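Structure record follows, encoded as structure tokens.
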Amino acid sequence: MKKNIITEISEDEKKYEASLRPQSFDEYYGQESLKDKLKVYVTAAKQRGSVLDHILFYGPPGLGKTTISYIIGRELGANIIQTSGPALERPADLASLLSSLSRGDVLFIDEIHRLKKNIEEILYPAMEDYKLDVFSGLDVDTGRKSIRIDIPQFTLIAATTKAGSISAPLRDRFGIVEKLDFYNEEEIRKIINRSSKVLNVEIEPDAEVEIAKRSRGTPRIANRLLKRIRDFAEVKFNGIISKHVATSVLDELDVDKCGLDANDRTYLLTIIEKFGGGPVGVDTLATALGEDNETIEDIYEPYLIARGLVNRTRSGRVVTNEAYVHLDLSH
Ligand code: ADP
């Protein structure tokens, strides 16, 4: 399948994203009920002078898990230390991070489902009792010997696209577990409007709506489409993003009216043409598409399911009537 617009992020794109990151709850559009709850938790912790509970955010990529974690840190007036599951290679990597924290710091671990088991185990006493087991030599009878030291009270905020892959003992140690949902069109439109102001580009209201419709309910995609369209508007037009400019770039990028790209259509057409519309198991489908299961389950399917184009059933994936209608096919 083609390069993936949601997960493959270059260094330049990271900088671009960082420049557009909302800094406060007010600038963070959508996820209203989640924001309301978080504001209460943050205010309560501040009023009591206590440390905020550990939080786990889950949901598809690009929906704002990292962004909201940083906003929480800022609202708490806390330092934020960021790492990720794959970046922590040895238990000592996490141990040294934990022992360098100050009281009230926020430790943000992205992709926590990719944490190795032996590293995950260090987190249990750290999260529960703010304790760290430190290796203190070899014991003749029991093998390794360790002593338990206190570490400052901190808040762990973790993000994952795969809530199902988090072990029960880890999951149970989060006081707050919250899902991020896809955004509606108006929320995405507001995000595009705000991003255009930050970038200092002129955009017409109906162009905002057009881009919002095709952004898969995902802020990251909205911002990335805006970037491509802005470049095009600057080079080929007078710099203003009109509906015409937006539509022609989106068509050229092969992003259709629902926001589906070539990969999404290949996914749907494969089920229809090779498997009679399904049901087809994810392993078989992954092989047919030349993709791994994780990409299919975490990147493509959540939006297709949310749009009602595919169903996950016990016996496998099945495309819906809406998918046939969307693809202009009869069945
Ligand atoms: P995730 O961690 O879920 O993959 P990020 O927090 O990195 O997603 O968000 C991706 C991009 O989308 C960021 O550049 C951020 O600016 C933007 N973004 C995400 N959520 C919002 C929101 N609610 N309002 C405005 N911009 C957002």
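Note that ligands are numbered from 1 as they come in the structure, with each ligand's atoms numbered from 1 the same way. Heavy-atom basis, side chains included; hydrogens, waters and symmetry copies ignored. Note that the structure is a prediction, hence the values are computed from the model and not measured. FYI, the numbering just counts along the sequence from 1.
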message: Students should be able to answer this: which protein heavy-atom is nearest to atom 4 (O) of ligand 1, and at what distance?
response: Gly62 N, 2.8 Å
query: Looking at atom 26 (N) of ligand 1, what's its closest protein heavy atom, distance included?
result: Pro22 CG, 3.5 Å
Shortest protein heavy-atom distance from atom 8 (O) of ligand 1, along with the residue and atom involved: Gly64 N, 3.1 Å
query: Under 3.5 Å, side chain of Asp93 to main-chain N/O of Glu89, donor-acceptor pair present?
result: yes
query: Can you tell which part of Asn223 has a heavy atom less than 4.0 Å from ligand 1: side chain, backbone, both or neither?
result: side chain
message: With a 4.0 Å cut-off on N to O distance, would you call Glu186 and Arg189 a salt bridge?
response: yes
- prompt: Where on Phe57 is there a heavy atom closer than 4.0 Å to ligand 1, on the side chain, on the backbone, on both, or on neither?
  reply: neither
statement: atom 7 (O) of ligand 1: closest protein heavy atom, distance to 0.1 Å, is Arg21 NH2, 2.7 Å
- request: May I ask you to identify the nearest protein heavy atom to atom 23 (N) of ligand 1, giving residue, atom name and distance to one decimal place in Å?
  value: Tyr29 O, 2.8 Å
- request: With heavy atoms under 4.0 Å as the rule, classify the contact between Ile191 and ligand 1 as side chain, backbone, both or neither.
  value: side chain
Atom 9 (O) of ligand 1: the protein heavy-atom neighbour that sits closest, reported with distance to 0.1 Å: Thr67 OG1, 3.5 Å
query: Taking Asp256 as the fixed residue, which of Arg214, Arg216, Arg265, Arg307 is the one that meets the salt bridge (charged side-chain N to carboxylate O under 4.0 Å, His left out) rule?
result: Arg265
task: Considering the heavy atoms of Leu20, write down every atom of ligand 1 situated less than 4.0 Å from one of them.
output: 16 (O)
Nearest neighbour in protein (non-hydrogen) for atom 14 (O) of ligand 1: Glu17 O, 3.2 Å
Protein residue, atom and distance nearest to atom 2 (O) of ligand 1, heavy-atom basis: Thr66 OG1, 2.6 Å
Test: Lys35 cationic atom under 6.0 Å from Tyr28 six-membered ring centre, within 45° of axis: no
- request: Select the closest option to atom 27 (C) of ligand 1 among Ala159, Ala222, Pro61, Pro219, judged by heavy-atom distance.
  value: Pro219
field: Which residues share a side-chain hydrogen bond (donor to acceptor under 3.5 Å, both in side chains) with Glu294, sequence neighbours left out
entry: none
